[in-house]
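Quick note on labels: first sequence line is chain A, next is B, and so on, each numbered from 1.
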Number of protein chains: 2
Amino acid sequence: MKPTDILQVHELKKTNSRLALIKALQESTFPQSENEMKSRMSDQYDRITFYRNVQALEDAGVIHRIVVDSHTVKYALNCCETEKKHQHIHKHVHFNCKSCGKTFCLENTDIQQYRLPAGFQTEECEVMIKGYCKFCSQK
Amino acid sequence: MKPTDILQVHELKKTNSRLALIKALQESTFPQSENEMKSRMSDQYDRITFYRNVQALEDAGVIHRIVVDSHTVKYALNCCETEKKHQHIHKHVHFNCKSCGKTFCLENTDIQQYRLPAGFQTEECEVMIKGYCKFCSQK
DNA sequence: GTTTTAAATGAAACATTGTTTCAATAAAAA
DNA sequence: TTTTTATTGAAACAATGTTTCATTTAAAAC
Ligand SMILES: [Mn+2]
Ligand SMILES: [Mn+2]
Ligand SMILES: [Zn+2]
Ligand SMILES: [Zn+2]
């Protein structure tokens, strides 16, 4: 799906920064940090606008934010950017490689249900696994 | 166990900052942010020393660090501060309340095993659940 | 196609979190 | 009590994220 169509579907204005941001993520095979996005967006990148747009795109359900650790956030497109606000948001596990630093959306590894103590109500659950990725574990 | 004994067992020097840090956590019933620690440590608090000591105490296995989100880290004592470097580290789930903001170590809710795609090797797994805590869900 | 309007942008200044270097200090060993 | 070595705290810095406000632009109205 073209960046302009994604924005259309989600009723967001088609601005150059947003188109560049989405394009940068579409051209990536794994989640990207702000710095990686900056390189990919070249002159279309402005820090303040970037922060505002990742917020807007996350709220709209176009992208998701992955907190790798307290100083590292990465961004990835949602699987079904197609459907407008269709909140079925495939909740998957994230993986971060201790060797190459790459982050992966393990789209087929679903988050498990946790039975919590009495009185605790789950709304969201984030699972961040750290270890060695398929490229680094072979060494 | 007294703060001074904890440091003894872990072969760490008994400095005032470290004693105050451990005492502050012992007097808390749930994980604390740096700002909360600052209040509890009063004049024994110095930002730079604090950061160095949480690092040292984490490395020694006295405390653990909980990344609630990209701008919030909290600290808690490990369950068995007693045993020297005894790395059985009860890996438990963490919970953050969207209403009161409190974080909880759900010591009895173990992290589940995830079967990952071929080639991915797990070393650590962090689970952060967000929702409403036992105090806030009753409203 | 031109005008209008509301949203998005980017500059500036700020806030928070965390780190590095280095001289002074304090804990523990001799 | 002296010596040794780790720890401390000041200063300066770096990275990440936010707020305010005048300017620009997308999209709607005409
Ligand atoms: Mn993902
Ligand atoms: Mn915990
Ligand atoms: Zn790797
Ligand atoms: Zn609560």
Side-chain angles (χ1 to χ4, degrees), chain A residues 2-24 31-39 41-60 62-75 84 96 101 103, chain B residues 2-24 31-39 41-60 62-75 84 96 101 103:
Chain A
K2 282 193 296 185
T4 166
D5 295 331
I6 294 174
L7 291 174
Q8 173 102 306
V9 168
H10 291 84
E11 293 168 321
L12 293 168
K13 281 199 180 178
K14 292 160 200 157
T15 66
N16 290 333
S17 333
R18 288 176 182 170
L19 293 168
L21 200 164
I22 294 172
K23 190 154 164 283
Q32 304 286 297
S33 67
E34 185 190 343
N35 267 328
E36 290 162 336
M37 296 290 284
K38 180 177 174 172
S39 315
M41 293 172 66
S42 61
D43 62 325
Q44 275 308 322
Y45 169 87
D46 168 80
R47 261 172 61 66
I48 294 118
T49 306
F50 178 83
Y51 280 111
R52 276 192 289 231
N53 282 339
V54 287
Q55 185 66 60
L57 292 170
E58 191 184 33
D59 291 347
V62 179
I63 66 174
H64 65 289
R65 178 187 310 248
I66 302 152
V67 177
V68 176
D69 59 47
S70 61
H71 349 314
T72 325
V73 173
K74 299 198 178 172
Y75 305 93
K84 177 187 165 188
N96 190 256
T103 301
Chain B
K2 283 193 297 185
T4 166
D5 297 331
I6 294 175
L7 291 174
Q8 172 103 306
V9 169
H10 291 86
E11 293 167 322
L12 293 168
K13 284 199 178 176
K14 293 159 199 158
T15 66
N16 291 333
S17 332
R18 287 175 184 173
L19 293 168
L21 200 163
I22 294 172
K23 189 154 164 285
Q32 304 286 297
S33 67
E34 185 191 342
N35 266 327
E36 290 162 338
M37 296 291 284
K38 181 177 176 175
S39 315
M41 294 172 67
S42 60
D43 62 325
Q44 275 308 322
Y45 169 88
D46 168 80
R47 258 171 64 66
I48 293 115
T49 305
F50 178 83
Y51 279 110
R52 275 191 290 231
N53 283 339
V54 288
Q55 185 66 59
L57 292 170
E58 191 184 34
D59 291 348
V62 179
I63 66 173
H64 65 288
R65 179 187 307 248
I66 303 151
V67 177
V68 176
D69 58 48
S70 61
H71 350 317
T72 325
V73 173
K74 298 198 178 173
Y75 306 94
K84 176 186 163 186
N96 190 255
T103 301

(message) With no hydrogens and no angle check, just 3.5 Å: does a side-chain donor-acceptor pair link Tyr51(A) and Glu34(A)?
(response)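 Side-chain D/A pair, Tyr51(A) to Glu34(A): present.
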(message) Hydrogens and angles aside, do Ser33(A) and Lys74(A) bring a side-chain donor and acceptor to less than 3.5 Å of each other?
(response) no
Can you measure [X] atom [atom1] to [N] atom [atom2] for me and round it to whole angstrom units?
X: Asn35(B); N: dG18(C); atom1: CG; atom2: P; result: 11 Å
X: Glu11(A); N: dA27(D); atom1: CD; atom2: P; result: 12 Å
X: Glu34(A); N: dA14(D); atom1: CD; atom2: P; result: 17 Å
X: Leu21(B); N: dT7(D); atom1: CG; atom2: P; result: 14 Å
X: Phe50(B); N: dG18(C); atom1: CZ; atom2: C1'; result: 12 Å
X: Gln55(B); N: dT7(D); atom1: CD; atom2: C1'; result: 15 Å
X: Glu58(B); N: dG18(C); atom1: CD; atom2: P; result: 12 Å
X: Gln32(A); N: dT16(D); atom1: CD; atom2: P; result: 15 Å

[Y] side chain reached by [X] side chain, heavy atoms, under 4.5 Å:
X: Val73(B); Y: Val68(B); answer: no
X: His10(A); Y: Ile6(A); answer: yes
X: Tyr75(A); Y: His64(A); answer: no

(request) Indicate for each nucleotide in nucleotides 5-14 of chain C, in 5' to 3' sequence, whether protein heavy atoms under 4.0 Å reach the base (B), only the sugar-phosphate (S), or nothing (-). (result) --SSBBBB--
Write down the protein N/O and nucleotide N/O pairs, taken from nucleotides 1-3 of chain D, whose separation is under 3.5 Å; answer none if there are no such pairs.
none

(request) Would you check if the side chain of Asn53(A) reaches a backbone N or O of Leu21(A) as a donor-acceptor pair within less than 3.5 Å? (result)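 The answer is no, because no donor-acceptor pair under 3.5 Å joins these two groups.
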(request) Return the set of residues passing side chain to side chain donor-acceptor pair (under 3.5 Å) with Ser39(B) (not counting sequence neighbours), or none when no residue passes. (result) none
(request) Please round to the nearest 0.5 Å and tell me the distance separating atom CD of Gln32(B) and atom CD1 of Ile66(B). (result)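 That separation rounds to 10.0 Å.
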(request) Starting at CE of Met41(A), measure out to CG of Asn16(A) and round the result to the nearest 0.5 Å. (result) 10.0 Å
(message) For Lys14(B) and Arg65(B), find the nucleotide of DNA chain C closest to each by heavy atoms; which residue's nucleotide sits nearer the 5' end?
(response) Arg65(B)
(message) Between Tyr51(A) and dG17(D), is there a contact of a side-chain N or O with OP1 or OP2 at under 4.0 Å?
(response) yes
